[in-house]
Amino acid sequence: MRLATWNVNSIRSRIDRVTGWLERADVDVLAMQETKCTEAQFPAMPFAALGYEVVHYGTNQWNGVAIASRVGLDDVQLGFDGQPVFNDVAEARAIGATCGGVRVWSLYVPNGRTIEDPHYAYKLEWLAALRNTASSWLSADPSAPIALVGDWNIAPTDEDVWDVEVFRGSTHVTEPERAAFGAIVDAGFADVVRPFTPGPGVYTYWDYTQLRFPKRQGMRIDFILGSPGLADRVTHGEIARDERKPGKKGTPAPSDHAPIFVDLS
DNA sequence: ATGCCGTACCGTGTACGA
C-alpha cells in the first residue's frame with residue numbers, strides 16, 4: 001500500500017496536479033492539507049472518477065484537511081479528541097479515517113505566526129493535546145498501525161532548514177516546538193520517511209518567493225509519523241520533489257509543498 | 001523593515017502563509 005501526504009495549498013487550484021500525481025505515482029491513500037474550501041466547494045468528482053473515495057473537513061477559505069483512498073475509508077472522525085480551539089473557533093486541521101487497515105490522520109498543525117502571537121501558544125497547546133490523544137490510541141492497542149501525517153510546521157533539527165540564521169527568532173525552529181514534536185516521537189511515532197531520504201539539504205517545502213526552489217533553499221516540515229505497528233511495515237519512503245516544479249506555460253502554479261509517501265508491506 | 005509569490009474572500013483592498 002502506498003500512503004502519501006501533501007499540503008496542496010488550495011485543492012480547487014491544484015486539482016489537476018493532484019489527480020495527475022495520484023495516477024502517475026500509483027498512490028493508494030493521500031492525506032491532504034490546506035484544501036482552503038468548504039464541503040460544498042470541494043471537487044470530489046475528479047477523485048471518484050479515478051476510483052478514490054474522499055472525505056473532507058473544511059469550514060471556510062482557511063485550513064481544510066482531506067483523505068482520499070482507493071483501499072477503503074471507514075470510521076471518519078473530524079478533529080481529534082481534545083483538539084484545542086483558536087479564538088473560540090474549532091478549526092479544520094485534523095481528519096482521521098481507517099484505510100486498508102491503517103488508521104490515517106491528516107494533520108495541519110497551526111503555523112504559530114510569530115513567537116509573541118497567541119497563535120504560537122495555540123500551536124504548542126495543539127501539539128501537546130495531539131500527543132496526549134495519540135498516546136491513548138497506542139495505549140489502547142500497542143500494535144495498531146497508525147499514521148500521523150501532514151504539515152507539521154516544525155523543522156525538527158537545524159539540518160531541516162536551508163539556513164538556520166535566516167530562521168533565528170522565528171517560529172518552526174524554536175526549542176518548544178521541537179520539544180513538542182519530539183514528545184510525539186517519544187510517544188511512539190517515528191519519522192518513517194527520513195531513513196530513505198537522508199540529509200542534509202533534503203526538504204519538503206520551498207517558499208514561493210526569492211527563487212527558493214531552484215536555489216534548493218527549503219525546509220523539511222512535512223512528515224509521516226508511524227506507530228511501531230506501521231513503522232515495521234515500511235519498505236520505502238520518498239519526497240516527490242518533482243511535484244514542486246512549475247508546470248508548462250499557462251498551467252497553474254505548484255503548491256509550495258512537495259508530496260511525501262511511504263510503501264507498506 | 002520588506003510577504004518579494006500565491007490563494008482566498010465582496011475585493012480595486014485585507015488576511016494568511018513559514
Side-chain angles (χ1 to χ4, degrees), chain A residues 5-18 32-43 56-66 85-87 89-93 106-124 126-127 150-178 180-181 201-223 239 241 243-260:
Chain A
T5 184
W6 195 358
N7 179 321
V8 297
N9 186 16
S10 171
I11 190 59
R12 286 177 290 171
S13 290
R14 222 72 63 203
I15 183 61
D16 290 346
R17 295 189 73 118
V18 170
M32 290 163 270
Q33 300 84 37
E34 281 210 88
T35 56
K36 291 187 169 176
C37 67
T38 64
E39 304 311 316
Q41 294 170 318
F42 188 90
H56 174 240
Y57 178 28
T59 56
N60 52 38
Q61 68 268 45
W62 295 300
N63 314 308
V65 283
V85 300
F86 186 62
N87 292 338
V89 175
E91 298 185 311
R93 294 182 177 275
S106 179
L107 305 168
Y108 180 45
V109 175
N111 171 291
R113 298 179 186 163
T114 65
I115 56 177
E116 305 85 9
D117 196 294
H119 210 259
Y120 178 76
Y122 167 58
K123 179 180 194 174
L124 296 177
W126 201 96
L127 288 160
D151 177 359
W152 293 77
N153 272 323
I154 297 168
T157 74
D158 286 351
E159 193 174 272
D160 298 318
V161 295
W162 63 274
D163 183 349
V164 70
E165 289 306 320
V166 168
F167 295 93
R168 197 168 296 283
S170 300
T171 60
H172 294 62
V173 300
T174 67
E175 188 280 328
E177 289 166 284
R178 287 175 170 177
F181 184 84
V202 171
Y203 310 119
T204 64
Y205 161 89
W206 299 262
D207 197 295
Y208 282 124
T209 67
Q210 294 288 89
L211 298 173
R212 293 290 185 227
F213 181 69
K215 291 178 177 171
R216 299 182 174 266
Q217 298 175 337
M219 307 173 77
R220 193 172 72 97
I221 55 175
D222 299 271
F223 300 95
I239 299 168
R241 188 180 183 281
E243 300 311 309
R244 178 62 179 79
K245 292 178 178 174
K248 291 188 168 68
K249 199 170 184 176
T251 61
S255 169
D256 40 5
H257 296 251
I260 65 175

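Residue numbers begin at 1 in each chain, while the letters A, B, ... track the order of the sequences.
If you take atom C1' in B/dC16 and the same atom in B/dG11, they sit 15 Å apart, rounded to whole Å. If you take atom P in B/dG6 and the same atom in B/dA18, they sit 16 Å apart, rounded to whole Å. B/dC10 and B/dA15 have their C1' atoms separated by 14 Å, with the value rounded to a whole Å. Comparing B/dT7 with B/dT2, their P atoms sit 24 Å apart, to the nearest whole Å. A gap of 13 Å separates the P atoms of B/dC4 and B/dT14, to the nearest Å.
Note that CZ of A/Phe223 is 13.0 Å distant from CG of A/Leu107, once rounded to the nearest 0.5 Å. Going from atom CD of A/Glu243 over to atom CZ of A/Arg14 covers 12.0 Å, rounded to the nearest 0.5 Å. A/Gln61 CD to A/Thr38 OG1: the interatomic distance, rounded to the nearest 0.5 Å, is 10.0 Å. Interatomic distance, A/Tyr203 OH to A/Ile221 CD1, rounded to the nearest 0.5 Å: 12.0 Å. For the atom pair A/Phe181 CZ and A/His172 NE2, the distance stands at 12.5 Å (nearest 0.5 Å).
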Where along nucleotides 2-10 of chain B does protein come under 4.0 Å, by heavy atom, of base (B) or sugar-phosphate alone (S), with - for untouched nucleotides? -BBBBSSS-
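Atom CZ in A/Phe213 sits about 17 Å away from atom P in B/dA18, given to the nearest Å. Going from atom CD of A/Glu34 over to atom C1' of B/dA15 covers 13 Å, rounded to whole Å. Atom CD of A/Glu91 and atom P of B/dC16 are 10 Å apart (whole Å).
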side-chain contact (heavy atoms from CB on, under 4.5 Å) for A/Arg113 and A/Thr171? Distances and angles first, verdict last. CA-CA 7 Å; A/Arg113 298 179 186 163; A/Thr171 60; 5.8 Å; no
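Phosphate contact (OP1/OP2 of B/dG17, side-chain N/O of A/His172, threshold under 4.0 Å): absent. Within the 4.0 Å cut-off from OP1 or OP2 of B/dC16, not a single side-chain nitrogen or oxygen of A/Tyr108 is found.
Side-chain atoms of A/Asn111 and base atoms of B/dA18 include a donor and an acceptor less than 3.5 Å apart.
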